[in-house]
S.K.: 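Could you have a look at this structure, given as structure tokens, before my questions?
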Amino acid sequence: MLKKFFCFTALIVLAFFTPSVRACANQDTRTEIKLPVVMYHSVLKSKSGKYIVSPSAFEEDLKAFLKSGYTFVFPSEVIDFCLGDGSLPEKPVLITFDDGHYNNMYYALPLIEKYNAKALISFIGKFTEHSTSSGDHSNPNYSHLTWAQLKQLQDGGYFEIGNHTYNMHNYKPRFGVAQKTGESREEYLRNLGEDLAALEGKLSENGIGKPQTFAYPFGKYNDTVQGFLSDNGYKMMFTCNEGVSVVRRGSPESLYKIRRINRDGNMSSDELIKKIESFYR
């Protein structure tokens, strides 16, 4: 009887602890990972250029990433890794779209769905408000996404939504989020706060969650705005500095100046992959 009791107890202990042991065995134990981030803007059939790629070129990019062993990730997955709560694939790659062009939804989304990819779209609130309120929207050649379209992207599961300012994507009188000459620190922080509040308020009105990411307009940033964003709940900030960043487990600060590689429409997919991997050496 005693022998049966011990056998029964051992089986219970094994059943209880085995999943935990298995989970520990599969846990990502790496402390740092190289993260290539590719920056797209428009996806168009009618034009090409430094900030415009064709749908066919974008599809070739997706195929090239997969062929080269990359796995698409969301910003939230990278954030979880750096907070110590999650894992990342062996070769992650993050696709980002800046400005919130409608053609990202019209041309890129079907391809992202086709290849089961993931992406971030960082939109400009003022442009989205204009597309919504004017009724002049859904033209891939010039329109920006409406609030309803942003929500559709968020709910679709293939895009996360990022902040690219409400109305600070300008050269003048302020260059992006830079501090203006003669502007006090208090005025500067108040103006930054008003811009964040305007965008986040509109998102909330339209049933869209607050972003965790911020893309600096024109790549312009400084320590003041970086600290302000962090204090206001933003966990990942994107620059236009070219390269591949190293993100670190237990180091949220490694997400504050993420480098990106602009996807020039004049390069091929193979050239893009070679450019990314040149930063690994």
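We use all heavy atoms of the structure for the numbers below, so side chains are in, but hydrogens, waters and symmetry mates are not.
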S.K.: Are any of the side-chain heavy atoms of E90 and R30 separated by less than 4.5 Å?
M.R.: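 The answer is yes; the side chains approach within 4.5 Å.
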S.K.: Under a 4.0 Å N-O cut-off, is there an ion pair linking D155 with K151?
M.R.: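 Salt bridge present between D155 and K151.
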S.K.: State yes or no: are the ring centers of H101 and H41 separated by less than 6.0 Å?
M.R.: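 For H101 and H41, the ring centres are not under 6.0 Å apart.
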S.K.: Quick one: list whatever passes side chain to side chain contact (heavy atoms under 4.5 Å, CB included) with Q179, sequence neighbours left out.
M.R.: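 Partners of Q179 by the side chain to side chain contact (heavy atoms under 4.5 Å, CB included) criterion, ordered by chain and then number, come out as E183, Y188.
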S.K.: Find the distance between CD (E253) and CG (L255) and round it off to the nearest 0.5 Å.
M.R.: 9.0 Å
S.K.: Kindly list each side-chain donor-acceptor pair under 3.5 angstrom involving residues 236-248, sequence neighbours excluded, with atom names and distances?
M.R.:
unit_1: T239; atom_1: OG1; unit_2: N241; atom_2: N; d: 3.0
unit_1: T239; atom_1: OG1; unit_2: I258; atom_2: O; d: 3.0
unit_1: N241; atom_1: ND2; unit_2: Y221; atom_2: OH; d: 3.2
unit_1: E242; atom_1: OE1; unit_2: K275; atom_2: NZ; d: 3.3
unit_1: E242; atom_1: OE2; unit_2: K275; atom_2: NZ; d: 3.1
unit_1: S245; atom_1: OG; unit_2: R259; atom_2: N; d: 2.8
unit_1: R248; atom_1: NE; unit_2: E32; atom_2: OE1; d: 3.4

S.K.: Which of these, H144, H137, H164, sits in a ring pair (Phe, Tyr, Trp, His ring centres under 6.0 Å) with F127?
M.R.: H144
S.K.: Ring centroid separation for F97 and F58, is it under 6.0 angstrom?
M.R.: yes
S.K.: Would you compute the distance between atom CD1 of I124 and atom CE of M168 and round it to the nearest 0.5 angstrom?
M.R.: 13.0 Å
S.K.: Please list, chain by chain and in numerical order, all residues satisfying side-chain hydrogen bond (donor to acceptor under 3.5 Å, both in side chains) with R260, sequence neighbours excluded.
M.R.: T96, D98
S.K.: Is there a path of hydrophobic side-chain contacts, each under 4.5 Å between heavy atoms of I/L/V/M/F/W/Y residues, joining V53 to L272?
M.R.: yes
S.K.: Under the salt bridge (Lys or Arg N to Asp or Glu O under 4.0 Å) rule, collect the residues that match up with K63, sequence neighbours excluded.
M.R.: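 Applying salt bridge (Lys or Arg N to Asp or Glu O under 4.0 Å) to K63 gives E60.
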S.K.: Going through the checks in order, is the side chain to side chain contact (heavy atoms under 4.5 Å, CB included) test met by V177 and T165?
M.R.: CA-CA 8 Å; V177 294; T165 76; 3.8 Å; yes
S.K.: Less than 4.5 Å apart, side chain to side chain, heavy atoms only: is that true for F159 and L150?
M.R.: no
S.K.: Side chains of residues 70-78: which donor-acceptor pairs under 3.5 Å do they make with residues two or more places apart or in other chains?
M.R.:
unit_1: Y70; atom_1: OH; unit_2: E277; atom_2: OE2; d: 3.0
unit_1: S76; atom_1: OG; unit_2: E160; atom_2: OE2; d: 2.5
unit_1: E77; atom_1: OE1; unit_2: K118; atom_2: NZ; d: 3.4
unit_1: E77; atom_1: OE2; unit_2: F74; atom_2: N; d: 2.8
unit_1: E77; atom_1: OE2; unit_2: K118; atom_2: NZ; d: 3.0

S.K.: Could you go through residues 201-220 and list every donor-acceptor pair under 3.5 Å that involves a side-chain atom there, pairing it with any protein atom two or more places apart or in another chain?
M.R.:
unit_1: K202; atom_1: NZ; unit_2: E129; atom_2: OE1; d: 3.4
unit_1: N206; atom_1: ND2; unit_2: K202; atom_2: O; d: 2.8
unit_1: K210; atom_1: NZ; unit_2: N232; atom_2: O; d: 2.5

